[in-house]
Amino acid sequence: MAFDLIATSIKLALFLGIFLGAIAPIMVWTERRFAAYIQDRPGPNRLGPLGLFQPLADVVKFFFKEDVTPAAADKLLYLMAPVLAVLPALTTFVFIPFGPTVEVGDRLVPLVVSNASAGVLLFLALASLGVYSLVLAGYASNNKYSLMGGIRASAQLISYELAMTLAVVAVLLPVGAFRLTEVVAYQQGFLWNVVPQFLGFFVFFIAMFAETNRLPFDLPEAESELIAGFHTEYSAMRFAAFFMSEYIAMTTLSALCATLYFGGWDLFGFTEWAAAGMAGLFLPLWFWLGAFGMAVLITKTMFFMLVFVWVRWTFPRFRYDQLMALGWKVLLPLSLINVVFVAAMTLAGIY
Amino acid sequence: MIETAIFLLFALLAVASALVVVLHRNPVYSTLSLVVTLISLAVLFVLLGAPFIAALQILIYTGAIVVLFLFVVMLLNIGREEISQQRGLVQKALAGIGALIFLGIVASSLWGLYGTTQVGPLTEDFVSLQALATLLFGEYLLTFELVGLLLLVAVIAATVLAGRLSKASQVSVPEEGLPGPAGGPGPTYTEHPDQVTPPEGVR
């Protein structure tokens with residue numbers, strides 16, 4: 001009991017520290033530098049090596065800005081919305097494994113913070129709560145642009161959640177379990193899911209952009225039509241809460257995508273091979289398995305984050321009716337076809 | 001010991017927030033309290049050894065259906081007092097009778113169960129997914145399919161009704177039409193974006 005508690009705490013601190021404390025700010029920096037690169041300008045390059053300390057300066061700036069609450073706002077909901085934005089972003093990552101089940105002493109420790117049997121379902125459930133922050137921010141601001149953004153967010157997130165969930169269901173069919181650790185184990189024994197389930201990956205990949213409100217699906221913000229949509233009235237740290245939760249959601253969804261379709265922490269056996277090579281060098285095997293697993297997972301996650309930025313500066317924004325049509329008339333049927341196909345292949349014993 | 005404390009906390013939270021759902025005058029707050037109720041119930045499901053049911057509860061009800069409630073409430077922009085003033089004495093009496101009947105049903109079913117069910121410690125996965133799936137797709141397959149058919153019929157009926165209503169009254173559909181097939185015709189755009197009627201019901 002005490003051992004489990006300590007192990008879980010360490011894993012949680014590790015994930016919070018590395019994945020969210022470091023990757024998300026680096027991502028903010030990457031977004032700005034990469035955007036600048038695409039637009040042929042230098043971007044923020046003054047503070048620290050390559051401008052890497054720019055996110056720190058941004059955070060300090062946010063702390064010292066004036067925090068304005070509109071007079072006509074619904075005070076309680078206005079204060080609650082940014083908190084609700086951060087909450088699902090900070091909890092969903094606990095279901096993503098970053099290594100195999102390792103032996104520490106004589107105990108087996110799975111390298112995932114929570115190995116609950118409902119696994120990826122809980123991930124989706126917690127992620128689906130994120131929509132409330134956008135809707136409430138839009139409502140509480142008492143501003144027509146914010147309200148439009150909030151209403152758009154609610155419709156958009158529900159529509160794309162369906163397609164995304166169905167894509168995930170198809171991944172789980174041949175695995176026969178909800179645990180992401182078993183999804184990774186299945187891919188180790190077979191193929192990376194992106195090959196046999198390319199259609200599912202395609203749907204998931206597009207839904208990922210819609211779920212994080214990124215271009216070309218950033219209709220709830222849409223600065224050219226709604227000023228800044230649901231967070232028009234927010235300033236200082238409250239705005240930063242929305243901003244950071246968007247980046248954290250991007251990080252966790254990228255990690256989920258890597259886990260579901262690209263083998264997670266495994267890289268064709270590289271993780272085990274490298275860990276076996278390093279075992280006994282300063283630290284025991286379980287440490288190296290975790291370290292290399294984490295490194296592989298972060299590499300894959302960073303790749304998807306780069307794609308997020310790349311797409312953002314490549315495609316224009318959808319029109320609202322096009323967005324709805326794409327979600328309901330294209331992605332949902334595609335994911336249904338994928339489910340039927342994968343189910344048939346699983347029954348036939350091919351997958 | 002800890003489990004009892006968690007149970008008490010969330011059971012009280014569920015009851016309190018359910019009361020807020022009924023009693024609060026602002027429909028947005030009522031809807032949000034419903035979210036709290038559903039999440040508390042999900043925690044109780046976890047305590048009962050049914051994490052799968054808990055996940056579904058949050059995923060479907062909290063994550064989708066109540067969001068739609070909120071969507072409709074915000075779209076119609078119902079004022080704080082409008083609803084409470086419409087309640088007449090007859091309505092209150094009927095609601096009271098309905099509540100009593102419901103309580104009676106619950107009490108009688110509990111009374112029937114009393115002493116007959118086996119009471120024992122719950123295993124970790126009391127409601128295992130495999131057992132649930134075997135029941136749903138084996139013994140109760142017909143019921144399951146019929147419920148699915150019922151939902152489909154409801155969706156089609158809603159679509160037909162919405163289409164007929166909007167045709168009959170020629171009310172311009174707000175720009176943000178309800179998402180998906182259940183919401184009837186989506187937004188209509190003319191060739192020239194300038195001619196689109198501005199959305200109504202938005203402050």
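Per chain, numbering begins at 1; letters A, B, ... match sequence-line order. From a predicted model like this one, the values you see are computed outputs, not experimental measurements.
- For A:Val135, the parts sitting under 4.5 Å from any heavy atom of chain B are the backbone and the side chain alike.
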Taking distance alone, no hydrogens or angles, what donor-acceptor pairs closer than 3.5 Å link side-chain atoms of residues 38-53 of chain B to residues at least two apart or in another chain?
residue	atom	partner	partner atom	Å
B:Ser40	OG	B:Val36	O	2.6

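- Only the side chain of A:Phe178 comes within less than 4.5 Å of a heavy atom in chain B; its backbone stays farther off.
- Looking at B:Val66, the atoms closer than 4.5 Å to chain A (heavy atoms on both sides) sit in the backbone and in the side chain alike.
- Annotation: residues 56-65 of chain B contacts chain A through B:Leu56, B:Ile58, B:Leu59, B:Thr62, B:Gly63, B:Ala64 [non-hydrogen atoms, separation under 4.5 Å].
- B:Ile101 is linked by a side chain to side chain contact (heavy atoms under 4.5 Å, CB included) to B:Ile97, B:Ile105, counting only residues two or more places apart in sequence or in another chain.
- For A:Leu121, the parts sitting under 4.5 Å from any heavy atom of chain B are the backbone and the side chain alike.
- Residues A:Ala125 and B:Ala55 approach most closely at CB-O, 3.7 Å, considering heavy atoms.
- With rounding to the nearest 0.5 angstrom, the CG atom of A:Leu76 is 4.5 Å from the OH atom of B:Tyr29.
- Among residues 77-91 of chain A, the residues having any heavy atom closer than 4.5 Å to a heavy atom of chain B are, in sequence order, A:Leu77.
- Using a 4.5 Å heavy-atom threshold, the side chains of B:Asn26 and A:Asp74 count as touching.
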- Task: Start with the C-alpha distance between A:Leu136 and B:Leu32, add both sets of side-chain angles, then the distance that settles side-chain contact (heavy atoms from CB on, under 4.5 Å), and finish with yes or no.
- Result: CA-CA 9 Å; A:Leu136 288 184; B:Leu32 284 178; 3.7 Å; yes
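- Atom NZ of A:Lys329 is surrounded by 12 or fewer heavy atoms from other residues, nucleotides or ligands within 6.0 Å.
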